[in-house]
*Asks:* 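First the structure, which I've put down as structure tokens, then a few questions once you've had a look.
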Amino acid sequence: MRLELIFDAPIDTPQADEAEVLSLLIENYENEFYAIEAPDPIDAIRIRMEELNLNQSDLVQILGKSSKITDVLNRKLSLEMIRIISEKLRISASVLVEDYKLAN
């Protein structure tokens with residue numbers, strides 16, 4: 001692919017400009033035809049826990065009470081939990097306030 005050939009072109013060269021244009025075109029194409037939806041807030045928390053090798057007991061230290069962990073994993077987030085999780089797990093609050101299905 002052409003982009004692979006010119007990807008590391010020196011800045012301020014015609015090849016670097018071409019690489020930038022190609023990468024924008026590819027990104028736009030992928031966003032239009034192969035968009036990946038963001039996970040719901042609870043799945044985002046679980047994914048981040050996995051990335052950071054955290055388990056439920058680690059979340060107790062973050063949120064302070066084991067009952068809060070149960071609430072989180074049962075899809076019941078409070079504003080206070082969102083703020084803490086956003087700060088401690090570095091998940092954007094905008095992700096955490098998205099709609100999600102409540103547990104039955």
Side-chain angles (χ1 to χ4, degrees):
M1 172 160 50
R2 176 71 179 151
L3 183 57
E4 292 173 346
L5 296 173
I6 59 174
F7 186 77
D8 292 321
I11 296 175
D12 294 329
T13 64
Q15 291 82 15
D17 293 342
E18 182 183 0
E20 184 175 349
V21 170
L22 284 173
S23 65
L24 290 172
L25 289 171
I26 292 167
E27 180 181 358
N28 287 340
Y29 179 85
E30 288 177 345
N31 287 339
E32 184 173 343
F33 295 103
Y34 299 100
I36 298 172
E37 292 185 31
D40 81 4
I42 308 309
D43 290 338
I45 293 168
R46 288 185 170 134
I47 291 167
R48 182 59 57 127
M49 287 174 62
E50 186 176 313
E51 290 172 348
L52 298 174
N53 294 319
L54 299 176
N55 56 39
Q56 288 186 25
S57 62
D58 296 318
L59 281 186
V60 172
Q61 294 177 2
I62 292 170
L63 292 174
K65 294 181 183 176
S66 60
S67 61
K68 288 185 179 182
I69 306 311
T70 303
D71 287 344
V72 169
L73 297 178
N74 284 326
R75 302 180 172 273
K76 297 177 184 174
L77 289 175
S78 70
L79 182 57
E80 175 190 6
M81 290 177 192
I82 289 170
R83 288 178 177 149
I84 293 169
I85 291 168
S86 177
E87 178 187 338
K88 300 294 185 180
L89 297 183
R90 299 180 309 277
I91 300 173
S92 170
S94 64
V95 169
L96 297 173
V97 297
E98 288 295 321
D99 287 337
Y100 58 94
K101 294 180 182 179
L102 294 174
N104 293 327

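As the structure is a computational prediction, the values presented were derived from the model and not from experiment.
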*Asks:* Are Ile84 and Glu80 side-chain neighbours, meaning at least one heavy-atom pair lies under 4.5 Å?
*Replies:* yes
*Asks:* Are the side chains of Leu77 and Ile42 in contact, using a 4.5 Å heavy-atom criterion?
*Replies:* yes
*Asks:* Rounded to the nearest 0.5 Å, how far apart are CD1 of Ile45 and CD1 of Ile82?
*Replies:* 8.0 Å
*Asks:* Could you tell me if the side chain of Ile26 sits less than 4.5 Å from the side chain of Met1, heavy atoms only?
*Replies:* yes
*Asks:* Which atoms form the tightest heavy-atom contact between Ser86 and Ser92, and what is the distance?
*Replies:* OG-C, 4.1 Å
*Asks:* Pick out which of Val60, Ile62, Asp58, Asn55 makes a side chain to side chain contact (heavy atoms under 4.5 Å, CB included) with Ile69.
*Replies:* Val60
*Asks:* How about Leu24: does its CG atom have over 12 heavy atoms from other parts shown lying under 6.0 Å from it?
*Replies:* yes
*Asks:* At their closest point, which heavy atom of Pro10 faces which heavy atom of Thr13, and how far apart are they?
*Replies:* O-OG1, 2.7 Å
*Asks:* So with a 6.0 Å cut-off around CG of Asn31, is the heavy-atom count from everything else above 12?
*Replies:* yes
*Asks:* Going by side-chain hydrogen bond (donor to acceptor under 3.5 Å, both in side chains), name the residues that satisfy it together with Arg90, two or more places apart in sequence or in a different chain.
*Replies:* none
*Asks:* For Gln15, look at atom CD and say whether over 12 heavy atoms of other residues, nucleotides or ligands are found less than 6.0 Å away.
*Replies:* yes
*Asks:* Would a 4.5 Å heavy-atom cut-off, applied to side chains only, mark Ile85 and Leu63 as touching?
*Replies:* yes
*Asks:* Quick one: do Arg48 and Glu51 make a salt bridge, cutoff under 4.0 Å?
*Replies:* yes
